[in-house]
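See structure below.
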Protein chains: 2
Amino acid sequence: MSLTEQAEVIATAPTASKGPTVILTGDRPTGPLHLGHFVGSLRNRVAYQHEYKQFIMLADAQALTDNMDDTNKVHRNVVEVALDYLAVGIDPAKSTILIQSQIPELAELTFYYLNLVTVARLERNPTVKTEIALRGFERDIPAGFLTYPASQAADISAFKASIVPVGEDQIPMIEQTNEIVRRFNRLVNQDILVECKALVPEIGRLPGTDGKAKMSKSLGNTINLGATAAEITAAVKKVYTDPLHLRVEDPGHLEGNVAFIYLDAFDPEQDKLAEMKAHYVRGGLGDSIVKKRLEVVLQEMLAPIRARREALAQDKGYIMQMLKEGTMHAREVAARTADEVKAALGLSYF
Amino acid sequence: MSLTEQAEVIATAPTASKGPTVILTGDRPTGPLHLGHFVGSLRNRVAYQHEYKQFIMLADAQALTDNMDDTNKVHRNVVEVALDYLAVGIDPAKSTILIQSQIPELAELTFYYLNLVTVARLERNPTVKTEIALRGFERDIPAGFLTYPASQAADISAFKASIVPVGEDQIPMIEQTNEIVRRFNRLVNQDILVECKALVPEIGRLPGTDGKAKMSKSLGNTINLGATAAEITAAVKKVYTDPLHLRVEDPGHLEGNVAFIYLDAFDPEQDKLAEMKAHYVRGGLGDSIVKKRLEVVLQEMLAPIRARREALAQDKGYIMQMLKEGTMHAREVAARTADEVKAALGLSYF
């Protein structure tokens, strides 16, 4: 599915007629962003900002739900992730970058939405179930973790986003948001909140350099967007290819071959890549040649990103000012929604 | 236990040395207040305001946790309850009266505290268990209802209250608050939040006019503080006495006899009351004489309250201004705490 096709699907969203279409995306700032984020979301956001009113949230408050023991990490990474955003071409003049914790109205909406969802419903949420299992919480689930779908519903609905780019595994969260939205609108008998649609990107998940399904900092199989040239070289050397491809003359396999998966995703010369793949499959092409090409592609792609990132990192004042302005603008929008929600609930007095 | 003795118990609270002792009380504004509230809390608050820095919260947001279907009722009763407060002698120059929903920082603190309490712990909370059973929620417990101990912890700790007057049944909520407070302070390794003590009033619950253990609007066995003279007369007529006391000459029983329980609570002439009780017990004193006395006592006690209430109700502008000022002051205090909490969690940027 191309971006244009996706946009067509979305044109049927219920709010298409009321002002610009709003899109909400974001990240939990728990580490610097890497190639997996670039493919799965950042690249698309650079495109979305020309088509939609885009809010990009640094979800520091949500990150705390399972990082209460390392709050410094979250604080530090807010700036790191903001640098990644600007370095890949997200333009603060076109996209609103905001820090979640600095908008109390998001917590306020969460508070009210908690009355619109039952404990049993939260416990049935497949995404929450999976995440709970992943983290090994068992019976000691922090309440903030069980209730985070209500918080996500608050984030999405505060900005009246009708499009939310998410991975396949997050679709139940979008359904949960829409349930809350519908329940609220029905309760107050007004169309205040806006339903949203999940936008699942065409290229989903990029595997780790070790061939594992997911690129993840905790697995140590990432290539960060700010990686140095030496780090890229080292990472490419370790990239998982075809374990059956022992001698150059052997036929190679493309499936699960991370070098080729990355080349598929990033090589600008896809025709030459097709030839290279054919050669590899019939035999006679060594992994070292493939990796050489991969290294060229990654170094060329990441060099300007790294340069922009380093230049921006010199001017922390600018980054903080940009975050402040984005957050202030976002807060105005969220406060308007919170006011509407509270007024509809009869919680408006002065 | 006299008020003075209670105050002594409290002098050992951990914050006694840091500035004035803060007390937090409040009501869910779901109906006008009645004699039960007067005995159980209002009368004490009039005394507390001379001894402590007192915050009185109109818990409209919390009232919504089980009144989402009747938000108008909550809105309307915010003003009614405020009128009750002033009519009984709570002085807005001495006590800060605030509207919970107008202080987003309370929702914000709730949001973070949800990470400090597990779902299992909330489910074990005896107060929550009882309330869930009372409301017949069974498996369909709204998440906001299960998590309201975190919200109460936010209300108490936002104002750094070290004393919280509560009924016996609410003591588990205070324990829950202190668990969250300790867990937070330990986590950030700073003494930011303040532990609190439950202050259980000497005279607890006033029975209903029908003899049922609790005076409650839903049971129709209340006498409201704003009751008209005719309503008081009608209510006194129906007051439950001694069902075995059939003839005047029969010996009467005092136990469970609501007329005498009310006289114990309200008759300013306790010596004469002692004589009357003795007479009733040995026989020869009719219920009609007892009720006559009760009516005099209640009419005399409630007439000035009603008059003040009616006068104040004429000036809604004044009431709203008073609520606004109290809420603004309270918000400053709560925002300061929220800022401290967020800074300690690393959520401070600008």
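Just so we're on the same page: letters track the sequence lines, and every chain starts at 1.
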*What part of A/A61 lies closer than 4.5 angstrom to a heavy atom of chain B: side chain, backbone, both or neither?*
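Interface part for A/A61: both.
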*asked:* A side-chain contact here means heavy atoms from C-beta on lying under 4.5 Å apart; do A/I99 and B/F350 qualify?
replied: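 In short, these two side chains touch, coming nearer than 4.5 Å.
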*Given side chains that start at C-beta, do those of B/F111 and A/L106 come closer than 4.5 Å, heavy atoms only?*
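B/F111 vs A/L106: side chains apart.
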Region of [X] in contact with chain A, defined by heavy-atom distances below 4.5 Å:
X	result
B/I141	both
B/V78	side chain
B/L146	side chain
B/L345	both

_Heavy-atom closest contact (B/L122 atom, A/A143 atom, distance)_ =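 Smallest heavy-atom distance, with atoms named: CD1-CB, 3.7 Å.
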*Pick from A/A338, A/A120, A/G346: which one has the most heavy-atom pairs with chain B under 4.5 Å?*
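The option with the most such pairs is A/G346.
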*Under a 4.5 Å heavy-atom cutoff, which of A/L64, A/L347, A/L187, A/V117 has the most pairs with chain B?*
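Among A/L64, A/L347, A/L187, A/V117, the one with the most close pairs to chain B is A/L347.
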Less than 3.5 Å apart and able to act as donor and acceptor by atom type: which atom pairs between chain B and chain A qualify?
from	atom 1	to	atom 2	distance (Å)
B/D60	OD2	A/Y349	OH	2.6
B/H75	ND1	A/G346	O	2.5
B/S101	O	A/K342	NZ	2.9
B/Q102	NE2	A/L347	O	3.0
B/L114	O	A/A143	N	3.2
B/L114	O	A/G144	N	2.7
B/V117	O	A/A143	N	2.7
B/V119	N	A/I141	O	2.8
B/E123	OE1	A/R139	NH2	3.1
B/R139	NH2	A/E123	OE1	3.1
B/I141	O	A/V119	N	2.8
B/A143	N	A/L114	O	3.2
B/A143	N	A/V117	O	2.7
B/G144	N	A/L114	O	2.7
B/K342	NZ	A/S101	O	2.9
B/G346	O	A/H75	ND1	2.5
B/L347	O	A/Q102	NE2	3.0
B/Y349	OH	A/D60	OD2	2.7

